[in-house]
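Remember, predicted model here, so these are calculated numbers, not experimental data. So you know, we letter chains A, B, ... as the sequences are listed, proteins then strands, and number each from 1.
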Amino acid sequence: MPKTKDTKQGEIKLLKPLIKIDPAERLAMSQKAAKVGTFEWIPDTDQVIWSAELEALYGLKPGTFSGRYDDWLKYIHPDDRKILQQEMRSTVKNGQPFYGEFRVTKRDGSTRWMLGRGELVKSADGKKNLFIGANVDITDRKLIENRLRASEQRYRAFIKNSSEGIWRMEIDKPIPIDIDIDKQIQLLYKHARMAEANNAMAKMYGYKNAKDLIGLKWGELWVKDDDQNIEFLKEFIKAEYSQSSAQSHEKDSNGNDKYFLNNFFGIIEAGELTRLWGTQQDITEQFEASEALKKSQERLTLALEGSKLGMWEWDITTGNLEWSDMLKKIFGLKSSDKVTYERYLSMLHPKDIGPMQETIKHSLRTGRNYQMEHRIVRSDGSVHWVLGQGKTFIQKGQPVRMVGTTIDIDERKKAEQLRVKMAGLSAERRDLIEINHTKDEFIALTSHQLRTPATGVKQYLGLLLENYSDPLTESQRTFIEKAYDNNERQLRIVDELLRVAQLDLDKVRLHLRDTDLCQLINEEIGSMQDKFSNRRQKVEVICSDKPFTARCDREQLRMAIDNLFENASNYSEHGKKITVTLKRSKVGVPQITIKDRGVGIAKEDFPKLFQKFSRVYNPLSDSVNGTGLGLYYAKKIIELHGGTLTVRSKVDQGTSFIVTLPA
Amino acid sequence: MAKILIVEDEKSLNEAYRLILEKDGHKVFSAYDGQEALKKFKENTPDLVLLDLRMPKVDGIEFLKKLDHAKNYPDVDIIVFSNLDHQKEIDAAFESGASRYILKAWSSPKELSKVVSETLSSKPKKS
């Protein structure tokens, strides 16, 4: 079998031998040193000649290779065999040089990586082909390469799967690190470009894929003039191009604001910044949430102030009621004032107490929230509209706590009422409303001015009657008493005028309390005893229950009933009995009947009975001594309570006034 | 017997009150507006003031405020004697230190004398 060394003799000759060695031996030695084995293959006959070194590379003893192409192929790793065969055949066919890496299974079973090279040489007549080539053992290189690749793959996988954004930026035009900081920042924005990024990074900017980010300039990602960004970059430069846990404000592909937490550093080469590496986390949600929280807290504080929102909390088990200062302010109280449930109720408008109690009871029973617009009366008597809201907390079927808010809606409510009122009114009526307000002021002043001189008269006549001066004769005393009585009447008229005027202007507010009517009637009779005695009239009181309780404004109701007694007395002859009956009516409401046995009222006088300044003929009266306002006032007050005042009368048989109050 | 300051701009009423209270043995001095009342009050602190509300220069409520009654003179009784009967004035008077509020149209000389002596006797005795 011809040996390789013979065929390659010509080439070797080109080298000038340094020492005298046989050229064939020299070739073998250099092949061995380089771990290169050579071969010749005649494709037509599939004959192969291997050099001794090639045999050694394949784990064969010198001279033991069979010289057959098929046997050669047997040493090739099965996975590489087919492709190697194809490529070698293709070299034979096209005459292009062969180059390939493949594995060889050595005789001892170990695997080595080979780099194969070869080319086709034609015989002088061009009829025969010779494939000449060499194999080099590249196993060591291949191992290192594989290890590198594995490490690279692990690195890639890490970056790819990281939820942090990981990136590299290259600077088109490296930035000298000795120039002005502001200038450096400008250049960074302009010349740093995204060179590498992972998908997590791309998503942070609203892109699907990392490659969409590649090539974008720093200045296109960051909000350039954000003060905090600039501060952050200054810090980065000052800290020798390194920054950690710093927040940046940037924009995503849709122009939305984004906030990131960054770690990054720059690479300096020859006094210039050339490259940046970094990682970042998206903290937009946290940032916006904390911003929103900050804003909503500010807004709440402002809203509480601005909306005049008061808050309360009621511990039902202890009865402790806590009010915020704003709530006390709404109710016209001082911060130091203590509030109880009873006090709260007493500050409500009389007409709203009942409904509110019902509403609260309902909420306590059912745990439902409630909301109710209602009025409150401040200690100065002014009425304010508020919106009350509450919620009951129930534990084990028992209400334990109630919390709520109260908003001052007075301005809105009054404006609304006025608008509704005004909308339906002619200009003339609107003027009347104006006049009514002026009237109120006028009446208050007038009553004061009318009282003052009468007070003087009263004092001086009083001084005479009460013997502060010289003793009076009998007739002097009688005259002065008449003058005194007339003056008293004038004062009474002023009072009643004022009361009626206030009633007409809706200025009267009832302070409703549970009251024993039986006691109230008896007290009233007591205070009028002089009058009844003078006329020798006996007053009988029949009370179905004692106490006889009804909800009313004690003072106002007393004045109303006073007028009914005055009437009963004035329209009854001397010595006639007056009967007052207190009982529950058929429908269960409190009823007071004041029955006299006097002159009665003619049918035709009925309609004008309750009119202002009306006078009903009284055959018993020698002078006009009423004010003409008493019955009008009584009816109005009773109706304000939600009750009724009716009359039954027959001429010469007597009159009955019947008062009913709500249950 | 007590020192009483009558503050009333209506001259005839001021004199009538003086007559009634002097007869009861009190030492009485008069002022005809709030400003004069302040001056007299400070010159010689009374035991009791009979105070009208509607007056020229300084009115009754202002008088009480300038005096800072509750702080400086808690022992001096203030009886408001006025013909104003709006709740607003009544509340203001009590807030500023009045202990009674009487509608003067409904008070005869006898009643005035009674109110004053009642007020004076209800006062805790100074030790």
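At a heavy-atom cut-off of under 4.5 Å, chain B is reached by no residue from residues 344-354 of chain A. At a heavy-atom separation below 4.5 angstrom, chain A is approached by no residue within residues 24-31 of chain B.
Sparse packing is recorded around CD of E474(A), with 12 or fewer heavy atoms of other residues, nucleotides or ligands lying under 6.0 Å away. Other residues, nucleotides and ligands contribute only 12 or fewer heavy atoms inside 6.0 Å of the CZ atom of F479(A). At most 12 non-hydrogen atoms from other residues, nucleotides or ligands lie less than 6.0 angstrom from CD of E411(A). More than 12 non-hydrogen atoms from other residues, nucleotides or ligands lie less than 6.0 angstrom from NZ of K3(B).
Heavy atoms closer than 4.5 Å to chain A are found nowhere in I90(B), neither backbone nor side chain. Only the side chain of D495(A) comes within contact range of chain B, with heavy atoms under 4.5 Å apart. For L498(A), the part lying under 4.5 angstrom from a heavy atom of chain B is the side chain only. At a 4.5 Å heavy-atom cutoff, the contact between K23(B) and chain A is made by side-chain atoms alone.
A distance of 8.5 Å separates CH2 in W106(B) from CZ in R451(A), rounded to the nearest 0.5 Å. For the atom pair OG1 (T452(A)) and CG (D52(B)), the distance works out to 7.5 Å, reported to the nearest 0.5 Å.
In this structure, the side chain of Q459(A) engages the main chain of S107(B) through a donor-acceptor pair within 3.5 Å. Formation of a donor-acceptor pair under 3.5 Å by the K88(B) side chain with backbone atoms of D380(A) is not found in this model.
Ranked by heavy-atom pairs shorter than 4.5 Å toward chain B, the options Q449(A), K458(A), E488(A) are led by K458(A).
Proximity of I20(B) to E466(A): side-chain heavy atoms (C-beta onward) are nowhere separated by under 4.5 Å. Side-chain contact between K110(B) and Y468(A) is absent, with no heavy atoms from C-beta onward closer than 4.5 Å. Side-chain atoms of S108(B) and Y484(A), non-hydrogen and from C-beta on, do get closer than 4.5 Å to each other.
N83(B) and T455(A) share a donor-acceptor pair across their side chains, judged by distance under 3.5 Å alone.
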